[in-house]
Engineer: 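Pasting a structure below so you can have a look.
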Amino acid sequence: MTSGWAPYLDPGERILWEGQPAKGLRFRTSDLLLSGFGVIFLSFSLFWVFMASFAVGDGGGFLGLIFPLFGLPFVAVGVYLVFGRFIWDAYVRSRTRYALTDKRAIVATSAFGRSLKSWPITGETRLEFEPGDEATIWFHEEERRGNKGRRYTVKKGFEYVASGDELYRLMRSVQQDNSA
């Protein structure tokens, strides 16, 4: 069970659970706002490209061919906001593995390069459980700085896992054992 994780474990550390997120496309209620914006963005971008292609007219020559192309990057962003991010998320989840040890939570991803991150599970760790057939358990939050210095929070956890209630109980047990 620990063969793939063995090189990354500390001496005496034991794997208690391992799994991976559900495959395929997944949607959350929080996706509605960004998708709605994406539809508006994509619609406007397509309108701009369409109108730009007619603005120059038949006698536009080279400029008539090039001018509409300036809108294509905006069309690409719109397509990503509406559809692409769900496809990308499904791809990343298909290349993600999870492990819970008696000390920490580990997330390994091989989507665009390889990444292995771990977070200790202690008495101070805030566990947030989202129940369901494909449950999510958040155990870490990172504050990041975006454009213009704006701050936002990114949650880390085991997303879309089967038998999430059992995993949540196991994580609570690890948390209690590590609080002493």
Side-chain angles (χ1 to χ4, degrees), residues 4 18-100 105-119 126-164 167-168:
E18 59 184 313
Q20 65 185 82
K23 293 181 175 16
L25 299 177
R26 298 293 181 272
F27 305 95
R28 291 194 164 139
T29 310
S30 59
D31 293 328
L32 289 175
L33 182 63
L34 192 55
S35 292
F37 173 75
V39 167
I40 294 168
F41 192 91
L42 178 60
S43 299
F44 180 77
S45 300
L46 289 171
F47 175 76
W48 192 91
V49 169
F50 180 75
M51 293 307 290
S53 65
F54 287 105
V56 178
D58 292 334
F62 182 71
L63 185 60
L65 293 173
I66 297 297
F67 191 58
L69 297 178
F70 286 105
L72 292 182
F74 297 98
V75 170
V77 169
V79 168
Y80 176 79
L81 290 174
V82 176
F83 307 108
R85 61 196 184 93
F86 298 107
I87 295 167
W88 176 251
D89 178 61
Y91 173 73
V92 170
R93 277 187 286 104
S94 74
R95 317 259 314 149
T96 299
R97 303 293 177 267
Y98 299 140
L100 176 68
I106 305 171
V107 177
T109 305
S110 61
F112 200 64
R114 292 179 170 239
S115 168
L116 184 111
K117 296 181 180 179
S118 67
W119 297 269
R126 184 172 156 251
L127 297 177
E128 185 179 333
F129 181 52
E130 295 177 4
D133 292 338
E134 296 172 348
T136 295
I137 303 168
W138 303 110
F139 49 76
H140 182 75
E141 291 183 351
E142 291 179 4
E143 190 172 294
R144 295 189 181 165
R145 186 171 295 189
N147 294 340
K148 301 177 186 170
R150 294 184 183 138
R151 294 176 186 256
Y152 62 97
T153 303
V154 175
K155 292 182 178 183
K156 302 292 182 178
F158 297 144
E159 297 184 71
Y160 300 113
V161 293
S163 303
L167 177 58
Y168 180 67

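Values reported hereafter were calculated over all heavy atoms of this structure, with side chains retained and with hydrogens, waters and symmetry mates removed. Nothing here was measured: the structure is a model prediction, and the numbers come from that model.
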Engineer: So, taking the atom named CG in Leu167 and the one named CD1 in Ile137, what distance separates them when rounded to the nearest 0.5 Å?
Structural biologist: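 These two atoms lie 3.5 Å from each other.
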
Engineer: State whether the number of non-hydrogen atoms from other residues, nucleotides or ligands found under 6.0 Å of Leu32 atom CG is greater than 12.
Structural biologist: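 More than 12 heavy atoms, drawn from other residues, nucleotides or ligands, come within 6.0 Å of this atom.
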
Engineer: What residues form a ring-ring contact (aromatic ring centres under 6.0 Å, His included) with Tyr168, not counting sequence neighbours?
Structural biologist: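 Only Phe129 meet the ring-ring contact (aromatic ring centres under 6.0 Å, His included) criterion with Tyr168.
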
Engineer: Got a second to check how far Leu127's CG is from Phe158's CZ, nearest 0.5 Å?
Structural biologist: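 Going from CG on Leu127 over to CZ on Phe158, the span is 10.0 Å.
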
Engineer: Enumerate the side chain to side chain donor-acceptor pair (under 3.5 Å) contacts for residues 33-45, please, sequence neighbours excluded, ordered by first and then second residue.
Structural biologist: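 Pairs touching residues 33-45 that pass the test: Ser35-Arg85.
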
Engineer: Taking ring-ring contact (aromatic ring centres under 6.0 Å, His included) as the test, write out the residues that go with Tyr91, two or more places apart.
Structural biologist: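 Here the qualifying residues are Trp88.
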
Engineer: Taking ring-ring contact (aromatic ring centres under 6.0 Å, His included) as the test, write out the residues that go with Phe37, two or more places apart.
Structural biologist: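 Phe37 satisfies ring-ring contact (aromatic ring centres under 6.0 Å, His included) with Phe41 once adjacent residues are dropped.
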
Engineer: Mind checking what makes salt bridge (charged side-chain N to carboxylate O under 4.0 Å, His left out) contact with Arg114, not counting sequence neighbours?
Structural biologist: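 Checked Arg114 against salt bridge (charged side-chain N to carboxylate O under 4.0 Å, His left out); zero matches.
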
Engineer: Enumerate the residue pairs fulfilling salt bridge (Lys or Arg N to Asp or Glu O under 4.0 Å) with a member in residues 33-45, sequence neighbours excluded, ordered by first and then second residue.
Structural biologist: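 Sorted pair list comes back empty.
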
Engineer: Mind checking what makes side-chain hydrogen bond (donor to acceptor under 3.5 Å, both in side chains) contact with Tyr98, not counting sequence neighbours?
Structural biologist: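 For Tyr98 there are no side-chain hydrogen bond (donor to acceptor under 3.5 Å, both in side chains) partners, ignoring immediate neighbours.
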
Engineer: For Phe139 and Trp119, I'd like to know if the aromatic rings sit close, meaning centre-to-centre distance below 6.0 Å.
Structural biologist: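 When the ring centroids of Phe139 and Trp119 are compared, they turn out to be within the sub-6.0 Å range.
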
Engineer: Looking at every non-hydrogen atom in both residues, tell me the closest pair between Ser94 and Arg97 and how far apart they are.
Structural biologist: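 Of all heavy-atom pairs spanning Ser94 and Arg97, the closest is O-NH1, 3.4 Å.
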
Engineer: Give me the atom names and distance for the closest heavy-atom approach of Leu42 to Val75.
Structural biologist: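 Nearest heavy atoms, Leu42 then Val75: CD1-O, 3.6 Å.
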
Engineer: Would the number of heavy atoms belonging to other residues, nucleotides or ligands and lying under 6.0 Å from OH of Tyr152 be above 12?
Structural biologist: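 Yes, the 6.0 Å shell around OH holds more than 12 heavy atoms from other groups.
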
Engineer: List the atom of Ala135, the atom of Gly164, and the distance in Å for their closest heavy-atom pair.
Structural biologist: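 The pair with the smallest heavy-atom distance is CB-CA, 3.6 Å.
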
Engineer: Can you tell me if Phe86 has over 12 outside heavy atoms packed within less than 6.0 Å of its CZ?
Structural biologist: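 Yes - once you tally the heavy atoms of other residues, nucleotides and ligands closer than 6.0 Å, there are more than 12.
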
Engineer: Could you list the residues that satisfy side-chain hydrogen bond (donor to acceptor under 3.5 Å, both in side chains) with Glu134, not counting sequence neighbours?
Structural biologist: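 Testing Glu134 for side-chain hydrogen bond (donor to acceptor under 3.5 Å, both in side chains), a comparison that skips the adjacent residues, returns Arg26.
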
Engineer: Restricting to side-chain hydrogen bond (donor to acceptor under 3.5 Å, both in side chains), what partner residues turn up for Lys155, sequence neighbours left out?
Structural biologist: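 Residues passing side-chain hydrogen bond (donor to acceptor under 3.5 Å, both in side chains) with Lys155: Glu128.
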
Engineer: Quick one: pull up OH in Tyr160 and CD in Gln20 and give me the separation to the nearest 0.5 Å.
Structural biologist: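 Tyr160 OH to Gln20 CD: 15.0 Å, rounded to 0.5 Å.
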
Engineer: Can you list the residues that meet the ring-ring contact (aromatic ring centres under 6.0 Å, His included) rule with Trp138, with sequence neighbours excluded?
Structural biologist: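 For Trp138 there are no ring-ring contact (aromatic ring centres under 6.0 Å, His included) partners, ignoring immediate neighbours.
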
Engineer: Please examine the side chains of Val161 and Thr136, heavy atoms only from C-beta on, and report whether any two atoms are closer than 4.5 Å.
Structural biologist: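 Counting from C-beta outward, Thr136 and Val161 never come under 4.5 Å.
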
Engineer: Just to verify, what does Ala90 make a side-chain contact (heavy atoms from CB on, under 4.5 Å) with, not counting sequence neighbours?
Structural biologist: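 Listed in chain order: Leu25, Arg93.
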
Engineer: Would you indicate whether the side-chain heavy atoms of Thr109 and Val92 approach each other to under 4.5 Å?
Structural biologist: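 Yes, their side chains come closer than 4.5 Å.
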
Engineer: Looking only at heavy atoms, which two atoms of Ala108 and Leu116 are closest? And how far apart?
Structural biologist: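 What the structure gives for the nearest pair is CB-CD1, 3.8 Å.
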
Engineer: Would you please name every residue forming a side-chain hydrogen bond (donor to acceptor under 3.5 Å, both in side chains) with Arg144, sequence neighbours left out?
Structural biologist: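 With sequence neighbours excluded, Arg144 shows a side-chain hydrogen bond (donor to acceptor under 3.5 Å, both in side chains) to Glu142, given in chain and number order.
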
